[in-house]
Amino acid sequence: MPAKSRRNKAKRYQQAKKNQYTQSQNNTAAAVPVQAAPIQAAPIQATTIQATPGIKTTAAAAVKNQYVYVSSDLKRIGILTGIIIIILFILYFILV
């Protein structure tokens with residue numbers, strides 16, 4: 001007859017440890033009262049961007065700045081795809 005599974009024991013042990021940890025955290029938190037300091041919001045300064053007459057900004061330029069690594073990632077994906085396709089063709093001709 002096979003031995004009993006210990007999975008349930010391990011789960012209960014982990015849950016008991018977790019409960020002990022949270023109980024100890026709750027006990028220490030209750031013993032030491034915490035006083036919150038008043039939070040003062042810093043004034044927000046409005047910044048204005050002035051467009052220069054010689055430079056035109058477009059949505060494409062904004063997207064280009066936002067996705068810096070896309071072109072290198074696409075090149076890498078293309079190279080890996082090509083290698084996988086070549087390997088599949090080689091395996092096809094070898095195994096057929």
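Bear in mind that the values here come from a model prediction, so they are computed numbers and not experimental data.
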OH of Tyr69 to NZ of Lys75: how many Å apart, nearest 0.5 Å?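 Tyr69 atom OH to Lys75 atom NZ measures 14.0 Å (nearest 0.5 Å).
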Nearest 0.5 Å, please: how far is CG in Asp73 from OG in Ser71?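 That separation rounds to 8.0 Å.
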Min side-chain heavy-atom separation Tyr92-Val96 under 4.5 Å: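 Sidechains of Val96 and Tyr92: in contact.
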Result of checking Thr81, Ile79, Ile86, Ile85 against Ile83 for side-chain contact (heavy atoms from CB on, under 4.5 Å):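 Filter result, single survivor: Ile79.
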